[in-house]
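Each residue takes its place number in the sequence, starting with 1. Just follow the structure's listing: the first ligand is 1, and inside any ligand the first atom is 1.
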Amino acid sequence: MTQPLLITAAICGAELTRADTPWLPLSPEELAAEAIRCYHVGARMVHLHVREPDGRPSQRADLFGQAMALIRAEVPMIVQFSTGGAVGMPVEVRADAVKLKPDMATLTTGTVNFGDDVFANPMPSVRAIAKRLREFGVRPEIECFDTGMVDAALRLAKEGLLELPAHFDFVLGVPGGMGATTAHLDFIRTLIPADSTWSVAGIGRFELPLAQHAVTVGGHVRVGLEDNIFLSKGVLAQGTAPLVQAVAQMAQQAGRPLATPQQARELLRV
Ligand code: KMH
Ligand code: ZN
């Protein structure tokens with residue numbers, strides 16, 4: 001397996017707090033420092049959320065802009081903004097920062113139960129975000145929490161609202177979404193067009209086993225505190241970089257080279 005591996009670092013998310021893990025970066029400076037640390041151990045893309053100074057989830061464009069500028073000043077990393085934000089945020093708020101033209105931004109193509117909450121993505125909202133991404137020339141990463149979201153993305157492509165081939169990220173193991181087994185992953189990955197690419201983000205203790213499977217079968221990987229805070233049972237990861245490092249080691253053992261910055265851009269068409 002010689003296809004270069006793309007590792008995405010999901011360093012913060014919207015739901016975690018410092019009470020969950022003291023290793024969570026929050027300010028633009030902390031976010032940038034963690035992204036850069038992840039780059040140096042093999043990550044080529046950062047999936048970014050931002051926080052208010054008190055730690056609350058935010059989608060403020062100025063915070064995204066500050067973090068992106070600090071990252072871009074140091075490393076050639078692909079910067080991907082979240083348009084998912086936190087559950088309950090209105091779509092206009094979620095997608096505002098797209099105007100800053102990050103390399104990529106997420107596009108979740110359906111609604112999913114999210115623990116006891118609902119991550120609401122009715123199709124009119126999905127179309128609105130897809131149109132905004134097109135308007136600003138920002139490539140989507142299609143976030144799929146279940147198989148119907150792949151189908152919805154293919155429908156959007158038929159409507160002319162998104163371009164194929166595209167990059168899909170399968171988020172597996174959210175309570176309410178698709179389970180996080182290799183069988184689930186092996187099924188959902190058959191649904192995307194052959195020339196599209198995919199990564200997997202396993203939630204919680206499924207993060208590293210699913211990463212290992214993706215490395216073996218030729219997919220790509222997202223890891224980070226957003227999805228999982230532990231490096232091993234009961235051992236907190238000291239930030240996202242150690243999780244990236246663990247995946248880089250898997251790649252080395254499997255004989256898969258890590259994507260160079262240029263290869264990562266070609267792979268994602270950014
Ligand atoms: N925080 C989740 C409700 C994304 O970044 O686009 C949504 C999320 C997806 O994290
Ligand atoms: Zn996210």
Side-chain angles (χ1 to χ4, degrees), residues 7-17 20 24-26 31 34-35 38 43 45-52 55-61 63-64 67-68 78-98 100 102-122 125-130 132-133 138-146 149-150 152-153 156 162 166-178 180 198-204 207 220-229 240 243 268:
I7 306 175
T8 301
I11 60 179
C12 175
E15 284 78 27
L16 281 177
T17 70
D20 298 309
L24 190 68
L26 296 174
L31 289 164
E34 184 59 27
C38 290
M45 176 149 76
V46 57
H47 167 75
L48 205 58
H49 288 253
V50 292
R51 302 296 186 98
E52 294 295 332
R56 275 181 304 121
S58 175
Q59 289 292 104
R60 261 168 55 197
L63 295 171
F64 272 114
M68 180 164 68
I78 297 165
V79 177
Q80 179 194 84
F81 289 178
S82 168
T83 67
V87 285
M89 283 179 172
V91 170
E92 315 76 66
V93 171
R94 282 166 46 181
D96 181 50
V98 166
L100 301 182
D103 302 290
M104 288 190 105
T106 56
L107 177 68
T108 301
T109 46
T111 293
V112 63
N113 281 337
F114 203 85
D116 288 348
D117 294 316
V118 178
F119 180 31
N121 294 287
S125 304
V126 176
R127 287 193 189 94
I129 298 174
R132 191 166 169 83
L133 295 179
V138 176
R139 280 198 75 78
E141 174 179 276
I142 301 159
E143 302 293 313
C144 297
F145 293 71
D146 218 326
M149 298 190 194
V150 178
L156 282 180
L162 81 84
H167 183 66
F168 292 76
D169 182 50
F170 305 132
V171 186
L172 303 187
V174 167
M178 203 169 167
W198 63 270
S199 54
V200 67
I203 301 298
E207 181 172 75
H220 303 282
V221 172
R222 172 174 121 176
V223 286
L225 298 188
E226 173 165 348
D227 303 326
N228 162 49
I229 60 174
T240 292
L243 295 162
L268 296 168

Contacting atoms of ligand 1, where contact means under 4.0 angstrom from a heavy atom of [X]:
X: His49; value: 5 (O), 10 (O)
X: His47; value: 4 (C), 5 (O)
X: Ser82; value: 4 (C), 5 (O), 6 (O)

[X] side chain to [Y] backbone, donor-acceptor under 3.5 Å:
X: Asp103; Y: Val79; value: yes
X: Gln59; Y: Arg94; value: yes
X: Ser199; Y: Asp169; value: no

Note to self: Please report, to 10°, the angle around the Zn ion (ligand 2) from atom NE2 (His47) across to atom NE2 (His49).
What the structure shows: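 Taking the Zn ion (ligand 2) as the apex, I get 100° for this pair.
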
Notebook entry, point to check: Closer than 2.8 Å to the Zn ion (ligand 2), do we get an N, O or S atom from Glu226, backbone or side chain?
Noted result: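 Yes, Glu226 qualifies, because one of its backbone or side-chain N, O or S atoms lies under 2.8 Å.
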
Nearest protein heavy atom with distance in Å, relative to [atom]:
atom: atom 3 (C) of ligand 1; value: Glu15 OE2, 3.5 Å
atom: atom 10 (O) of ligand 1; value: Glu226 OE2, 3.0 Å
atom: atom 6 (O) of ligand 1; value: Thr106 OG1, 2.7 Å

Could you tell me whether the side chain of [Y] reaches within less than 4.5 Å of the side chain of [X], counting heavy atoms only?
X: Glu143; Y: Thr83; value: no
X: Phe170; Y: Met178; value: no
X: Ile203; Y: Val171; value: yes

Note to self: So, using ring-ring contact (aromatic ring centres under 6.0 Å, His included) as the criterion, who are the partners of Phe168 when residues are at least two apart?
What the structure shows: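 Not a single residue meets the ring-ring contact (aromatic ring centres under 6.0 Å, His included) criterion with Phe168.
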
Checklist line | Within-shell test, Gly85 vs ligand 1, heavy atom, strictly < 4.0 Å | finding: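 Yes, Gly85 has heavy atoms under 4.0 Å from ligand 1.
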
Notebook entry, point to check: If hydrogens are left out, which of Gly13, Pro57, Gly84 has an atom nearest to atom 9 (C) of ligand 1, that is, the closest non-hydrogen atom?
Noted result: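 The nearest heavy atom belongs to Gly84.
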
